[in-house]
Undergrad: 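Got a structure for you, written out below as structure tokens; questions coming shortly.
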Amino acid sequence: MTMPHHALDITLTRALTPAELHQAARTMPLAANHDATRLLALVRAKTPDKALNRLRHQTGGRLPIDVITTHYPDPHGQILLNVTFSPAAYTALEAAAEGARRPPHLFVQEAVHRALARHASEEADRLDRALQHLLTGTTPPHLLAAVGRVLTHTCGAVPC
């Protein structure tokens with residue numbers, strides 16, 4: 001049985017120098033973005049979680065890694081994160097997790113889920129208010145036509 005490859009995104013705390021990028025690429029296949037602040041790696045492992053840990057171990061502190069994530073969502077639509085905390089931050093995290101009677105990794109996972117849900121709710125509320133404001137000066141069909149025009153002439157925040 002062949003072991004699958006997992007695509008992992010590496011977000012760096014600073015841009016790599018050309019020499020650092022060259023050295024890192026000698027130990028594993030990497031692709032860098034235009035300013036060498038993000039890398040993409042392919043890692044062989046049985047599971048995405050093991051791939052994250054293997055990459056963290058392979059880099060051995062030689063890269064200024066902020067966070068490693070899976071590039072593609074899992075079957076449940078989740079992106080896995082691999083974050084290293086400073087000793088002081090981890091001590092505080094352990095204390096908070098203990099107070100919540102949760103293991104530290106679940107405590108962080110649940111906190112991230114709550115923060116993302118709160119952000120999604122706030123964004124939905126903000127869009128609702130903006131649309132209500134726009135509807136005070138026009139009709140729903142005119143607003144819908146304007147939205148359609150904007151969406152067909154832009155790709156997200158970047159013009160097509």
Side-chain angles (χ1 to χ4, degrees), residues 1-130 150-151 153-160:
M1 182 173 131
T2 61
M3 197 174 317
H5 285 82
H6 299 276
L8 304 178
D9 283 315
I10 305 168
T11 302
L12 303 169
T13 59
R14 63 171 174 78
L16 294 181
T17 66
E20 288 172 318
L21 181 57
H22 178 73
Q23 182 65 30
R26 292 180 67 200
T27 61
M28 69 187 77
L30 294 171
N33 70 338
H34 71 285
D35 63 358
T37 57
R38 295 188 64 204
L39 305 172
L40 185 66
L42 285 176
V43 177
R44 287 178 57 138
K46 289 182 181 179
T47 66
D49 193 44
K50 287 182 180 186
L52 289 166
N53 290 330
R54 179 168 289 157
L55 178 62
R56 178 76 67 180
H57 179 71
Q58 282 179 336
T59 59
R62 292 184 303 270
L63 295 175
I65 295 175
D66 187 21
V67 64
I68 304 171
T69 64
T70 51
H71 184 71
Y72 298 107
D74 68 10
H76 305 290
Q78 303 295 306
I79 298 292
L80 300 181
L81 298 171
N82 181 287
V83 179
T84 300
F85 296 101
S86 69
Y90 192 74
T91 299
L93 172 63
E94 282 183 313
E98 186 176 316
R101 300 180 192 265
R102 305 295 288 160
H105 73 282
L106 287 180
F107 181 80
V108 170
Q109 178 180 345
E110 292 164 357
V112 168
H113 282 252
R114 282 191 307 274
L116 291 172
R118 185 173 47 251
H119 173 74
S121 176
E122 290 169 357
E123 180 68 1
D125 290 345
R126 184 189 68 78
L127 289 171
D128 287 348
R129 287 190 305 275
V150 169
L151 292 177
H153 292 93
T154 62
C155 297
V158 180
C160 293

Undergrad: Taking atom CG of Leu39 and atom CG of Leu63, what is their separation to the nearest 0.5 Å?
TA: 6.5 Å
Undergrad: Without swapping roles, check the side chain of Arg62 against the backbone of Gln58 for a donor-acceptor pair under 3.5 Å.
TA: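 Checking the backbone N and O of Gln58 against the side chain of Arg62, a donor-acceptor pair under 3.5 Å is found.
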Undergrad: Does the side-chain contact (heavy atoms from CB on, under 4.5 Å) test come out yes or no for His57 and Arg54, once each step is laid out?
TA: CA-CA 5 Å; His57 179 71; Arg54 179 168 289 157; 5.7 Å; no
Undergrad: Rounded at 0.5 Å granularity, tell me how far NE2 in His6 sits from OG1 in Thr47.
TA: 6.0 Å
Undergrad: Over all heavy atoms of both residues, which pair between Ala41 and Leu30 is shortest? Give the atoms and the distance, please.
TA: CB-CD2, 3.6 Å
Undergrad: How far does CG of Asn33 sit from CD1 of Ile10, to the nearest 0.5 angstrom?
TA: 11.5 Å
Undergrad: Go through the steps to decide whether Gln109 and Gln78 satisfy the test side-chain contact (heavy atoms from CB on, under 4.5 Å), and finish with yes or no.
TA: CA-CA 11 Å; Gln109 178 180 345; Gln78 303 295 306; 6.0 Å; no
Undergrad: Measure across Pro48 and Leu80 and return the closest heavy-atom pair with its distance rounded to 0.1 Å.
TA: CB-CD1, 3.6 Å
Undergrad: Hey, could you give me the CG/CG distance between Leu8 and Leu40, rounded to the nearest 0.5 Å?
TA: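 The distance works out to 8.0 Å.
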Undergrad: I'd like to know if the side chain of Thr91 reaches the main chain of Pro87, judged simply by a donor and an acceptor atom lying under 3.5 Å from each other, with no hydrogens or angles considered.
TA: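 Flag set: sc Thr91 to bb Pro87 pair under 3.5 Å.
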Undergrad: Could you check if a side-chain atom of Met28 sits within less than 4.5 angstrom of a side-chain atom of Thr59, using non-hydrogen atoms only?
TA: yes
Undergrad: Can you confirm whether more than 12 heavy atoms, excluding those of Arg56, are under 6.0 Å from its CZ atom?
TA: yes
Undergrad: When rounded to the nearest 0.5 angstrom, what distance separates CG in Asp125 from CD in Glu123?
TA: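 Nearest 0.5 Å value for the CG-CD distance: 9.5 Å.
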Undergrad: Does Tyr72, at its OH atom, have more than 12 non-hydrogen atoms belonging to other residues, nucleotides or ligands within less than 6.0 Å?
TA: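 Check fails, neighbour count at 12 or below.
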Undergrad: Would you say the side chain of Arg26 lies within less than 4.5 Å of the side chain of Gln23, judging by non-hydrogen atoms?
TA: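 In contact.
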Undergrad: Shortest non-hydrogen contact from Pro104 to Ala97?
TA: CA-CB, 3.8 Å
Undergrad: To the nearest 0.5 Å, what is the distance between CG on Leu55 and OG1 on Thr70?
TA: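 If I round to the nearest 0.5 Å, the distance is 12.0 Å.
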